[in-house]
Visitor: 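My structure is below; once you've seen it, I'll send some questions.
All chains are named by letter (A, B, ...) in the order of the sequence lines, taking the proteins before the strands, and each is independently numbered beginning at 1. This one's a predicted model, so the numbers in the text were calculated from it and none came from an experiment.
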Number of protein chains: 2
Amino acid sequence: MIIDKKERIIEAAATSFSQFGFKATTMASVAKIARVAKGTIYTFFDSKETLFSTILDRTMKNLRQSAEAALQEEAAFHENIQAMLGAILNFRENHQLLIKLGQEAKELGTAEVLEILTQVERMILDYIKSVIETEQAKGISTKHDSELLAFLIYRTYIALISDWERQHTPLPKETITEIIKSQIH
Amino acid sequence: MIIDKKERIIEAAATSFSQFGFKATTMASVAKIARVAKGTIYTFFDSKETLFSTILDRTMKNLRQSAEAALQEEAAFHENIQAMLGAILNFRENHQLLIKLGQEAKELGTAEVLEILTQVERMILDYIKSVIETEQAKGISTKHDSELLAFLIYRTYIALISDWERQHTPLPKETITEIIKSQIH
DNA sequence: AAAATGACCAAAAACCCATATCGGTCAATC
DNA sequence: GATTGACCGATATGGGTTTTTGGTCATTTT
């Protein structure tokens, strides 16, 4: 019974955070959706932040899995990197929670949510870094160390996909591939 | 006399916009600092926006001059590009008007100021583009067309200088040079 | 008559403050 | 021992009132 309740709370919170964002989600409404009393939430989570963290951790785990699934054993390094970046951006653009947090940061500019988003970026960068390091362990040489390379590649990729398209027609896939490739080796 | 007055208004406005930002400068205070009546401002400029535009145009002209001054006839393309980028970033970081507009956009998030800032970015990109095109006209080959190359280089440079340093120790100059270089050829 | 002024106006912003809502607690209940 | 929901202090909200602002224009100054 206990586990079932905790799960219901998490699901209710996930729905609400995704639909209304962090600030506009109230503990009372989460409790109502989860069909528990407000106090019950606090037997599983000490605060709204903690509850949110649980949801975010799950989401990031899903993101890592999506990224992982894009990798192919037999593919070349730069192909895998690009497939992974594509998966990450696709995930970011299709998961309501991250979309909503982005909107919330832009509209309300709350320091709290802004910090959460930098945390998300940090987690993504760490994942990219780990993929690079796995590849390096296999003996593949890179131009820069994994931290810098992850940063450089991720930022460039986002710039080319999201920012460029705000004012231009999308770039051909080969162009993007070529740019990413030239940063690795 | 007329010219003198117009100049006084521009100077007063420049000071005020730089010190207090767009929203917080009032036409009344500009008039007071310039020692003219409020109505007089409107014989030279039709609106606060127009007045501001004049100031911004001057600032951008100064920026272009600073960037221009960093170029050296005998230097290699990538050296000039980097010198120019350095000059632009340095200008951005040291000119009160642009700093203040950045703060204003972050704090108040006014659509008006945000639009001004994208306009500034556009002007900077156009300038970089023109420098690239001058070089291309001399017969130097580049990996990408000038629009994409300007975008790529500028974004990467900002990422490496400003954003990287938010969480890491500054990168050695040679590393930055190398990265920029590899994007050009 | 051309240039300059500042009182004036509608519109927008800032200010107040009573009221509602929120995250979190804990004595009572199951 | 688990669960509840009335309750609390702190913060957010709504909206009526006042102040400030960009812009105008009849009047004055040059």
Visitor: For DNA chain C, which residues in residues 18-33 of chain A have a heavy atom at a distance below 4.0 Å?
Guide: A:Thr25, A:Thr26, A:Met27
Visitor: For B:Ala105, give me all partners under side chain to side chain contact (heavy atoms under 4.5 Å, CB included), at least two apart in sequence or on another chain.
Guide: B:Val113, B:Leu114, B:Leu117
Visitor: Nearest-Å distance, NZ (A:Lys6) to P (D:dA2)?
Guide: 13 Å
Visitor: For the side chain of A:Glu11 and the backbone of A:Ala34, is there at least one donor-acceptor N/O pair under 3.5 Å apart?
Guide: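 No: the side chain of A:Glu11 does not pair with the backbone of A:Ala34.
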Visitor: For the residue pair B:Lys100 and B:Phe22, would you count it as a cation-pi contact if the rule is NZ or CZ under 6.0 angstrom from the ring centre and within 45 degrees of the ring axis?
Guide: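 Judged by the rule, B:Lys100 and B:Phe22 form no cation-pi pair.
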Visitor: Cluster question for you: counting only ILVMFWY and a side-chain heavy-atom cut-off of under 4.5 Å, with indirect links fine, are B:Met27 and B:Ile33 together?
Guide: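 No, no single cluster joins them.
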Visitor: Going by distance alone, is a donor N or O of one side chain under 3.5 Å from an acceptor N or O of the other, for A:Gln183 and A:Thr156?
Guide: yes
Visitor: Has the side chain of B:Thr43 got a donor or acceptor atom that lies under 3.5 Å from a matching backbone atom of B:Gly39?
Guide: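 Judged by distance alone, no pair lies under 3.5 Å.
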Visitor: For A:Glu121 and B:Arg166: C-alpha separation, side-chain torsions, deciding distance, then whether salt bridge (charged side-chain N to carboxylate O under 4.0 Å, His left out) applies.
Guide: CA-CA 13 Å; A:Glu121 295 299 301; B:Arg166 236 186 287 282; over 6 Å; no
Visitor: Figure out the CD1/C1' separation between B:Ile41 and C:dG6, and round it to whole Å.
Guide: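 After rounding, the gap between these two atoms is 12 Å.
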Visitor: Under 4.0 Å from any atom of DNA chain C, heavy atoms only: list the residues of residues 106-116 of chain B that qualify, in numerical order.
Guide: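 Output list: empty, so none.
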Visitor: I want to check a possible cation-pi pair here: B:Lys6 against B:Phe45, using under 6.0 Å from ring centre and within 45° of the ring axis as the test.
Guide: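 B:Lys6 over B:Phe45 ring: yes.
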Visitor: Not counting sequence neighbours, list each pair that qualifies as a side-chain hydrogen bond (donor to acceptor under 3.5 Å, both in side chains) and has a residue in residues 168-180 of chain B.
Guide: A:Glu147-B:His168, B:Gln82-B:Thr177
Visitor: Go through A:Asp4 and A:Arg8 one step at a time and tell me if the salt bridge (charged side-chain N to carboxylate O under 4.0 Å, His left out) criterion holds.
Guide: CA-CA 6 Å; A:Asp4 181 41; A:Arg8 284 217 308 274; 3.3 Å; yes
Visitor: In residues 45-57 of chain A, which residues come under 4.0 Å of DNA chain C by heavy atom?
Guide: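 Residues of residues 45-57 of chain A under 4.0 Å from DNA chain C: A:Ser47, A:Lys48.
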Visitor: Using atom OH of B:Tyr42 as one end and atom C1' of C:dC8 as the other, report the distance to the nearest whole Å.
Guide: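 Rounding to the nearest Å, OH of B:Tyr42 and C1' of C:dC8 are 14 Å apart.
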Visitor: Parallel, tilted or perpendicular: which describes the rings of B:Phe52 and B:Phe17, with under 30° parallel and over 60° perpendicular?
Guide: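 If you compare the ring of B:Phe52 with that of B:Phe17, the planes turn out perpendicular.
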Visitor: Please lay out, stage by stage, how A:Gln103 and A:Lys106 fare under the test side-chain hydrogen bond (donor to acceptor under 3.5 Å, both in side chains).
Guide: CA-CA 5 Å; A:Gln103 289 175 4; A:Lys106 201 170 273 181; over 6 Å; no
Visitor: Pick out the pairs of N or O atoms, protein on one side and nucleotides 4-8 of chain D on the other, that lie under 3.5 Å.
Guide:
residue	atom	partner	partner atom	Å
D:dT4	OP2	A:Ala37	N	3.0
D:dT4	OP2	A:Thr40	OG1	2.4

Visitor: Ignoring hydrogens and geometry, is there a side-chain-to-backbone donor-acceptor pair from B:Asn90 to B:Gly86 under 3.5 Å?
Guide: no
